[in-house]
Q: 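I have a structure I would like to understand better, so I am pasting it below and will then ask my questions one at a time.
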Amino acid sequence: MQGNEAYDLSLFAPHEKKTELRVAEPPKKENGLRNRLAWLKWTVLAVVLVALVCNLLYAQVESTELSAQMHRKEDELTELQSEYTYLSNEMEMKTNLAAVQQYATATLKMVKMDPSQVTYVTSNEENRVERPDTGLARLAVEVSQTLASFMEYLTP
C-alpha cells in the first residue's frame, strides 16, 4: 500500500515525548590525596627528565673540553718531536769525528798522538805501577820470554 500522507491519521495522534539521553558527567573528585600524588608523580618525572638532559649536556661539554685538550697536547708533542729531531741532528753535526778533529787541530792547535807517546800501565796484585822498558831492554825481555816459552814447549 502506498502511503498517502493526507490520510495518515497517525500524524495527528498524540506522541509520546521522547526524553533526550545525556551522558552523565562523572562526579567531581575532591582535591584529595589521589590528585596530589598524581601531581607529585608528574613533578618527579619532570625533574628526572631535566636532570637527565642536564647530565647529557654536561657530559658533552666535558667530552668537547677533553678532546680539545687532547688535540693541544698532540700538537705540543709534534712540536717537541720536531725540536728533538733538530737538536739531535745539530748534536750529531757538532760531535762528528771529522768536525771534532778539525776543530782540535785548527782552533786548539792540537796534533795527533805519536805511537811513541803511548805508555801502557799494568797492575799486579800489589799497588804499584810498572812501566815497560823501551829500546834494547824491551827487546831483551821479549827474546828471553820467547826462548823460555819455546823451552817449556820442548820439555816433556
Q: Checking T64 side chain against Q60 main chain: does a donor-acceptor pair fall under 3.5 Å?
A: yes
Q: Flag yes if Y103 and M110 sit in one hydrophobic cluster, no otherwise; membership is Ile, Leu, Val, Met, Phe, Trp, Tyr, and two members link when side-chain heavy atoms are under 4.5 Å apart.
A: yes
Q: Could you check whether any side-chain N or O of S82 sits under 3.5 Å from a backbone N or O of T78, counting only pairs where one atom can act as donor and the other as acceptor?
A: no
Q: Please say whether more than 12 non-hydrogen atoms of neighbouring residues, nucleotides or ligands are located less than 6.0 Å from CD in E90.
A: yes
Q: Any donor and acceptor pair, going by atom type alone, linking the side chain of T105 with main-chain N or O of Q102 inside 3.5 Å?
A: yes
Q: Between L57 and V61, is a side-chain contact (heavy atoms from CB on, under 4.5 Å) present by the stated rule, with each step listed?
A: CA-CA 6 Å; L57 291 175; V61 167; 5.5 Å; no
Q: Could you state the interatomic distance from OG1 (T85) to CG (N89), rounded to the nearest 0.5 Å?
A: 7.0 Å
Q: Donor-acceptor pair, distance only, cut-off 3.5 Å: does the side chain of S63 make one with the backbone of A59?
A: no
Q: Hydrophobic clusters here meaning ILVMFWY residues chained together by side-chain heavy-atom distances under 4.5 Å, can you tell me if V53 and L45 are in one?
A: no
Q: Roughly how far, to the nearest 0.5 Å, is CD of E83 from OG of S88?
A: 10.5 Å
Q: Are L37 and W42 linked, directly or through intermediate hydrophobic residues, by side-chain heavy-atom contacts shorter than 4.5 Å (ILVMFWY only)?
A: no
Q: Does atom CE of M70 have more than 12 heavy-atom neighbours from other groups under 6.0 Å away?
A: yes
Q: With a sphere of 6.0 Å drawn around CD of E92, does it hold more than 12 non-hydrogen atoms of other residues, nucleotides or ligands?
A: no
Q: Which value, rounded to the nearest 0.5 Å, describes the distance between K73 atom NZ and L80 atom CG?
A: 9.5 Å
Q: About how many Å separate CG of L77 and CZ of R72, when rounded to the nearest 0.5 Å?
A: 15.0 Å
